[in-house]
Asks: 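Right, I'll just put the structure down here and ask away after.
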Amino acid sequence: RQDEVLKIFRDTSAWGSANEYGRQAALRLAGELENGDDALRSLKNHMKVQTSYSRTGFEASYAWAAVAARARLTKGLGDAIKRYLDEKGLSDMSRASGWTSLLAYVELSRLAGGADVLGPLEEMMNHSPSNITPVHEQPYFSTPAAWASALVRSGKFDEYARSQGLDANGAPKLSKLQEMLTDKDHPMRAAAALRAIAYARDPSFRSTLVVSAGPVPDIHPATPPPSNSSGRRWEHEPW
């Protein structure tokens, strides 16, 4: 059965004849077993056609992240997330195609990200849940686990857990984690702080920083071209 399922991922004809459940199973298994540039390119191709939310796009993003994490391709991951946020944002549906790349970046952050992803993930968590487009909900709600994993893995937990000095009365200020826990307007920040505390107390959690073996593969969706002379817009966004 494993060979049959992987054939759906590896063979274009088998993919075309498979139903959505078969495709999702193939992507899930590819994330567990496939390696190398060819697998990453194939998964990128599956991701880029998912312009609206789909479970298939979700599985493709997670599979891509798993393959990239095994290869330790994390250099520049924080910059990649920041670039997406600067160009696409999380609140404008007209710019939301390519959401699978953001989900893949967040999942890669959870699996192997270092300190460079903390800032961009915090920027995501600073958004209000009411201003998130539907296709960005999954990346958004995945940020607490990704941020907490990267925080503990990179050895930054103690920095965030200690007091930030003394106030004017000489009393200790709140730590960054305490500030996050008491943030009533941004629930992802509170969730991230709770996750970080749990991971830091879990002896089974690997706190050793993943040393990057290379740059993160470019899966950033390009800006769509303008309307052509006939007034028709391009149907797909080039990657």
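Worth saying up front: this structure is predicted, and the values here are computed from it rather than measured. Only heavy atoms go into these numbers, but all of them, side chains included; no hydrogens, no water, no symmetry mates. By convention here, the first residue in the shown sequence is residue 1.
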Asks: Measuring from S97:OG to K48:NZ, what's the distance to the nearest 0.5 Å?
Replies: 12.5 Å

Asks: So, are R83 and D86 salt-bridged, with charged N and O less than 4.0 Å apart?
Replies: no

Asks: State, yes or no, whether a side-chain contact exists between W15 and L27 at a heavy-atom distance under 4.5 Å.
Replies: yes

Asks: Can you name the closest pair of heavy atoms from A196 and A148 and give their distance?
Replies: N-CB, 3.4 Å

Asks: Report yes if some heavy atom in the side chain of P139 is under 4.5 Å from a heavy atom in the side chain of M124; otherwise report no.
Replies: yes

Asks: Compute whether any side-chain donor of one residue and acceptor of the other, for T56 and E20, lie under 3.5 angstrom apart.
Replies: yes

Asks: Can you check side chain to side chain contact (heavy atoms under 4.5 Å, CB included) on F9 and L43, steps first, answer last?
Replies: CA-CA 9 Å; F9 173 72; L43 289 165; 3.5 Å; yes

Asks: Kindly say whether L174 contributes a backbone atom to a donor-acceptor pair with the side chain of Q164 at under 3.5 angstrom?
Replies: yes

Asks: At what distance, to the nearest 0.5 angstrom, does OH of Y105 lie from CD1 of I219?
Replies: 4.5 Å

Asks: Taking the side chain from S109 and the backbone from V117, do they hold a donor-acceptor pair closer than 3.5 Å?
Replies: no

Asks: Do M125 and V152 share a hydrophobic cluster (ILVMFWY, side-chain heavy atoms under 4.5 Å, transitive)?
Replies: yes

Asks: To the closest 0.5 Å, what do you measure between CD (E107) and CG (L102)?
Replies: 12.0 Å

Asks: Give the intermediate values and the outcome of side chain to side chain donor-acceptor pair (under 3.5 Å) for residues E59 and H46.
Replies: CA-CA 10 Å; E59 295 293 355; H46 287 305; over 6 Å; no

Asks: Mind jotting down which residue pairs meet the salt bridge (charged side-chain N to carboxylate O under 4.0 Å, His left out) criterion with at least one end in residues 119-147? Sequence neighbours excluded, please.
Replies: K82-E123

Asks: Set out, in order, the CA-CA distance, both residues' side-chain angles and the distance that settles side chain to side chain contact (heavy atoms under 4.5 Å, CB included) for Q178 and T182, then state yes or no.
Replies: CA-CA 6 Å; Q178 288 172 322; T182 55; 5.7 Å; no

Asks: Keeping the roles fixed (side chain from R153, backbone from G113), state whether a donor-acceptor pair exists under 3.5 Å.
Replies: yes

Asks: Would a distance-only check, ignoring hydrogens and angles, find a side-chain to backbone donor-acceptor pair under 3.5 Å from R110 to W147?
Replies: no

Asks: To check you understand the geometry: which heavy-atom pair defines the closest contact between S91 and H127, and what is its length?
Replies: OG-CD2, 4.1 Å

Asks: Given the rule that I, L, V, M, F, W and Y join up when any side-chain heavy atoms are under 4.5 Å apart, are W64 and L6 in one cluster?
Replies: no

Asks: Quick one: closest heavy-atom pair of S61 and T100, and the distance?
Replies: OG-O, 2.9 Å

Asks: Can you name the nearest heavy-atom pair linking L40 to A68, along with the distance?
Replies: CD2-N, 3.9 Å

Asks: Quick check: is L108 connected to L33 through a chain of hydrophobic side chains (ILVMFWY, heavy atoms under 4.5 Å apart)?
Replies: no

Asks: Test your reading of the model: is there a side-chain donor-acceptor pair from S212 to the backbone of K75, 3.5 Å cut-off?
Replies: yes

Asks: Working to the nearest 0.5 Å, report the span between NZ of K173 and OG of S163.
Replies: 8.0 Å

Asks: To the nearest 0.5 Å, what is the distance between OG on S154 and CG on L118?
Replies: 5.0 Å

Asks: Compare every heavy atom of R95 with every heavy atom of K88, then report the nearest pair and how far apart it is.
Replies: CD-O, 2.8 Å

Asks: Are F58 and L111 connected, step by step, through hydrophobic side chains (Ile, Leu, Val, Met, Phe, Trp, Tyr) whose heavy atoms are closer than 4.5 Å?
Replies: no

Asks: Check the pair Q138 / V106 against side chain to side chain contact (heavy atoms under 4.5 Å, CB included), numbers first and verdict last.
Replies: CA-CA 10 Å; Q138 190 60 49; V106 173; over 6 Å; no

Asks: Around atom CZ of R195, are there more than 12 heavy atoms from other residues, nucleotides or ligands closer than 6.0 Å?
Replies: no

Asks: Do you know the tightest heavy-atom contact between G114 and A150?
Replies: O-CB, 3.8 Å

Asks: Side chain to side chain contact (heavy atoms under 4.5 Å, CB included) with V5: which residues, sequence neighbours excluded?
Replies: A25, A26, L29

Asks: Taking the side chain as every heavy atom from C-beta outward, state whether H186 and P129 have any atom pair closer than 4.5 Å.
Replies: no

Asks: Applying salt bridge (charged side-chain N to carboxylate O under 4.0 Å, His left out) to R189 and D183, what does each step give before you reach the verdict?
Replies: CA-CA 7 Å; R189 284 169 51 83; D183 190 339; 2.7 Å; yes

Asks: Can S130 and S128 be said to form a side chain to side chain donor-acceptor pair (under 3.5 Å), step by step?
Replies: CA-CA 5 Å; S130 61; S128 168; 2.9 Å; yes

Asks: Would you mind listing every side chain to side chain donor-acceptor pair (under 3.5 Å) that reaches into residues 31-42, with sequence neighbours excluded?
Replies: R10-E34, N35-R70, D38-R41

Asks: When you look at S142 and Y62, which way does the side chain to side chain contact (heavy atoms under 4.5 Å, CB included) test go after all the steps?
Replies: CA-CA 11 Å; S142 297; Y62 271 58; 3.5 Å; yes

Asks: Do Y84 and H136 have ring centroids that are under 6.0 Å from one another?
Replies: yes

Asks: Are any of the side-chain nitrogens in E159 or K176 under 4.0 Å away from the carboxylate oxygens of its partner?
Replies: yes

Asks: Are L121 and Y140 connected in a single hydrophobic cluster, I mean Ile/Leu/Val/Met/Phe/Trp/Tyr linked by side-chain heavy atoms less than 4.5 Å apart?
Replies: yes

Asks: Kindly say whether G57 contributes a backbone atom to a donor-acceptor pair with the side chain of S54 at under 3.5 angstrom?
Replies: yes

Asks: If you measure from CG on D3 to CD1 on I8, what distance do you get to the nearest 0.5 Å?
Replies: 11.5 Å

Asks: Side-chain contact test, heavy atoms from C-beta onward, threshold under 4.5 Å: evaluate it for P144 versus M188 and give yes or no.
Replies: yes

